[in-house]
Amino acid sequence: MDATTQEVHGHRALQHHFENMEQQREAGTLGMWVFLVTELMFFGGMFLAYTLYRAKFPAAFASASNHLDITLGALNTAVLIFSSFTMAMAVYFTQVGKQRPQVICLVLTLLLGLTFLGVKAKEYHDKYEDSLIPGRLIPGRPFGPEVAHEGDHDPHKLHLLGNATVRQVEMFYWIYFAMTGMHALHMIIGAGLLTFLLIFSLKGRFDPEYHSPVEVIGLYWHFVDIIWIFLFPLLYLLGRHMEHV
Amino acid sequence: MSEHIVPVRIYVTIFLVLLVGTALTVAAAFVDFPGRLNTIVAMTIAVTKATFVVLYFMHVRYSSRLVWVIVASALFWMAILFALTFSDYLTRGWLSVGY
Amino acid sequence: MKPIESFELPEPPKVNYINAQYGLKSWLLTKDHKRIALLYLGSITFFFFIGGLYALMIRLELLTPPGDFMQSATYNKVFTQHGIIMIFFFLIPSIPATLGNFLIPMMIGAKDLAFPRINLLSWYIYLLGGVITIYALLAGGVDTGWTFYTPFSTTFSNSYVVATGLGIFINGFSSILTGLNFIVTVHTMRAPGMTWFRMPLFVWSLYATSLVMILGTPVIAITILLLAFERIAHVGIFDPALGGDPILFQHLFWFYSHPAVYIMILPSMGVISELIANFSRKNIFGYSFVAFSSLAIAVFGFLVWGHHLFVTSQSVYAGMIFSFLSFAVAIPSAIKVFNWTATLYRSSISYDTPMLFALGFIGLFTVGGMTGLFLASLAVDVHLSDTYFVVAHFHYIMVGGALMGYLGGLHYWWPKISGRMYPEGWGRFSALVIFVGFNLTFLPQFVAGYLGMPRRYHAYPPEFQVFNVLSTAGASILGFGMLIPAIYFVWSMRYGRHAEANPWHLPGLEWRTASPPPTENFEVTPIVTWEAYEFAPAEETEVVGKFRPELERI
């Protein structure tokens with residue numbers, strides 16, 4: 001589009017109620033930041049519950065946490081961090097107008113996100129197998145893990161530390177599923193958004209002048225990564241130093 | 001466009017820092033530090049990682065003062081939620097008179 | 001700048017936002033903030049009448065001491081549903097979604113809000129939440145009180161808790177999106193020359209309201225979700241059997257629901273600032289104090305939620321902190337009342353209908369606010385908690401305050417919205433009837449509560465009957481008074497006198513375009529060179545506050 005046409009009509013992506021692309025971009029970015037504030041407050045309630053009950057039942061929380069698969073958790077953390085990197089690179093390539101690397105980075109981000117969800121699904125399945133889904137959420141399979149006795153190293157059985165009780169461990173798993181479930185839901189939404197981005201990118205919709213959706217969805221993706229950066233140590237690592245006590 | 005373009009080497013550096021941080025936090029989890037130190041170490045590493053993501057991946061370092069204010073406000077409001085709720089839970093045992 | 005009286009609008013345009021396009025589709029798929037405001041106006045009025053019907057049923061039951069009109073289980077549902085409908089589906093969206101949506105772009109000189117499609121989406125989300133809630137009401141209702149306290153709501157209630165919760169949860173997104181839209185709009189879309197301190201105070205208060213919506217609503221969203229899952233899974237974080245604390249629910253619930261009352265009152269205060277200044281034809285006294293007090297209320301409002309937990313197992317030390325903070329939050333509200341009063345002093349007051357509502361607001365809000373101080377005192381609250389004193393307190397604020405502001409604003413901006421004038425005589429009459437009816441309804445409730453009548457009871461000891469009879473009589477008058485504007489507003493849309501662009505002869509930016517305005521609001525984007533509420537030409541005003549450029553960027 002030549003300069004004179006742009007002067008008269010504005011960029012093809014300029015919406016009618018904005019004066020120029022700069023204002024539109026600023027509004028879009030600000031809008032996403034305000035939305036992320038709401039997301040932080042949303043997760044905040046669950047972090048509060050976690051903090052309270054962890055302080056109340058330290059032994060039970062440690063026992064329950066140790067039963068989570070640290071390898072899968074650490075792997076997922078690395079996967080998500082990698083996806084944040086590829087997302088940032090996707091924004092970079094859009095800013096400098098290189099469509100092909102931009103698309104590749106978006107594809108990578110999406111694949112890594114799906115990998116995360118796959119690993120999560122495996123973890124959830126393991127919990128189901130061990131009857132660790134709280135309450136009566138699964139009809140016919142209420143919360144009821146087998147407790148390991150002294151010397152029993154069966155990985156499917158729950159090892160209770162200190163004065164932990166199974167009821168208290170159930171509290172941990174309630175919070176675990178609530179937090180990781182909500183996080184996974186946000187990942188799924190993110191994956192959907194990335195798919196849209198991919199489709200538009202392939203059609204060549206974004207250029208250095210207009211790429212606000214890539215930036216803004218990038219912000220969302222990084223936020224979801226940050227939530228996991230906190231979830232991982234809080235849920236998976238809290239009792240590891242007590243494992244052999 | 002007044003947009004700042006972050007150089008690739010910064011993204012790569014931050015990415016590596018984040019991976020190192022993850023490895024560090026996993027390793028530290030198995031060390032039995034005295035008292036509450038395990039939690040403090042883990043949370044310090046997590047906050048550091050999050051800070052890097054916010055500042056560089058989310059471009060806050062290069063953003064307007066308004067964005068800084070928004071991020072700071074979000075953290076402040078979380079702090080309100082935690083602090084005032086804990087003002088209840090932490091002080092419940094203080095009143096020793098029977099009632 | 002020319003004096004207002006000589007301001008001329010070129011030949012009023014034939015095409016305005018109402019007749020620009022015809023057909024249901026053009027309304028249901030509109031991106032015009034003004035049309036969306038009207039869509040909201042219709043829906044919230046509908047919910048208001050449903051909530052009002054529930055109120056009627058409450059007052060009928062309470063006419064006599066024994067529970068003879070309905071069973072206690074039914075009564076529990078009636079007051080619960082009255083609260084839920086009025087709070088979530090009327091009060092919270094009322095001014096922001098109707099007057100806010102309509103006026104904010106016009107007041108800052110913009111063509112629309114920042115995100116018009118999200119604006120429309122927020123209305124559809126509101127409707128979806130409303131439909132689901134109505135379904136829950138019709139299917140059998142909910143009886144937990146609008147406060148949904150656990151463990152009754154999670155374990156023992158046999159009513160439609162999850163469905164209602166879902167409706168409220170969805171509705172919360174409408175609130176969040178509206179707040180998000182307003183914040184971004186005010187930051188990025190002000191016309192050239194429209195600095196923060198030239199904006200009308202109505203915009204300031206809606207900005208503050210939006211901050212509360214953004215920061216508070218997500219917390220109740222997660223709380224409702226956790227409540228619903230706890231009910232479905234038969235176990236959860238509020239469950240004592242797991243070592244959970246039901247009070248945690250109350251902390252999380254009130255973290256939003258207290259700031260929610262500021263969502264309900266701040267916009268109304270913004271309207272009152274407009275009405276007081278404009279109908280006394282005088283610049284508002286202490287503009288920056290009023291502006292900053294809105295922000296202060298928004299912030300302080302988040303620090304006081306524990307005063308709803310004074311009589312629970314909440315630590316008494318936390319209670320002391322919350323009590324102190326609850327006294328503190330009254331200060332910015334008081335600042336506003338003082339500034340409004342100072343504005344009225346030695347001004348040229350015209351007692352048009354909007355001003356009558358505004359004056360009523362000042363008195364009634366003051367009563368409501370002062371009685372709040374009674375409740376903020378720990379020791380006094382032990383006696384007054386869960387009595388009719390509390391009921392009277394919050395109705396003075398929400399009806400005597402929020403609703404009066406809403407009605408005043410509706411009357412004031414009606415000519416701009418519809419292009420017609422409402423009948424002034426009937427307007428003043430209805431304001432008077434509403435004022436009398438309101439006080440007769442709720443003043444006796446203060447006394448009844450103080451003397452010990454509990455709330456949420458369908459039967460009560462005979463010594464309280466006289467207060468209840470007065471209250472029901474008042475409610476009938478109030479109900480009648482509310483019907484009158486409903487009728488004449490609709491009547492005026494067809495038969496009302498055509499309104500010119502600036503029927504009240506006022507300096508606000510929204511009065512410098514046609515009534516009703518064209519779709520793009522202004523023919524030409526205005527360039528603002530005057531201060532807010534500038535009644536006299538600049539040369540003739542004594543400038544007390546100065547324009548401060550360093551505050552402009554944020």
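Lettering of chains follows the sequences in order, A, B, ..., and the numbering in each one begins at 1.
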Within 6.0 Å of OH in A/Y128, more than 12 heavy atoms from elsewhere: no

Toward chain C, the part of A/I138 with a non-hydrogen atom under 4.5 Å: neither

Side-chain touch A/Y53/C/L242, heavy atoms, less than 4.5 angstrom: no

Greater than 12 external heavy atoms within 6.0 Å of A/E129's CD: yes

Atom pair CG/CH2 of C/D239 and A/W174 - distance to nearest 0.5 Å: 10.0 Å

Residue part contacting chain C, namely of A/F35, when any heavy atom lies under 4.5 Å: both

Chain A contact via C/I183 - which portion, at a heavy-atom distance below 4.5 Å: side chain

Rounded distance [0.5 Å steps], CG in C/L180 versus CE in A/M32: 9.0 Å

Identified side chain to side chain contact (heavy atoms under 4.5 Å, CB included) partner of A/H17 from the options C/L113, C/N521, C/D112, C/D32: C/D112

Other residues, nucleotides, ligands: >12 heavy atoms within 6.0 Å of C/R231 CZ: yes

Part of C/I214 lying under 4.5 Å from any heavy atom of chain A: both

Heavy-atom neighbours of A/F196 CZ exceed 12 at 6.0 Å: no

Part of A/F57 within contact of chain C (heavy atom distance under 4.5 Å): side chain

Straight-line distance of A/M41 CE to C/I222 CD1, nearest 0.5 Å: 12.0 Å

Those residues of residues 252-260 of chain C, ordered by number, that approach chain A below 4.5 Å (heavy atom to heavy atom): C/L252, C/F255

Part of A/A49 within contact of chain C (heavy atom distance under 4.5 Å): both

CZ-CE distance between A/F18 and C/M189, expressed to the nearest 0.5 angstrom: 5.0 Å

Proximal component of A/E19, with respect to chain C [non-hydrogen, under 4.5 Å]: side chain

Side-chain touch A/M171/C/I237, heavy atoms, less than 4.5 angstrom: yes

Part of C/A241 within contact of chain A (heavy atom distance under 4.5 Å): backbone

Straight-line distance of A/M182 CE to C/L226 CG, nearest 0.5 Å: 7.5 Å

Segment of C/T185 engaging chain A (4.5 angstrom heavy-atom cut-off): neither

Interchain contact, C/N181 with chain A, by part (heavy-atom threshold 4.5 Å): neither

Residue A/L52 versus chain C: region with a heavy atom under 4.5 Å: side chain

A/Q24 portion near chain C, given a 4.5 angstrom heavy-atom threshold: neither

Exercise: identify the closest heavy-atom pair between A/Q23 and C/T188: NE2-O, 2.8 Å

Ring geometry between C/F169 and A/F42 (parallel below 30°, tilted from 30 to 60°, perpendicular above 60°): tilted

Nearest non-hydrogen partners of A/H16 and C/K111, listed with the distance: O-NZ, 3.8 Å

C/L215, C/I176, C/L177, C/T217 screened by side chain to side chain contact (heavy atoms under 4.5 Å, CB included) with A/T38, the one that passes: C/I176

Exceeds 12 heavy-atom contacts within 6.0 angstrom, atom NZ of C/K31: no

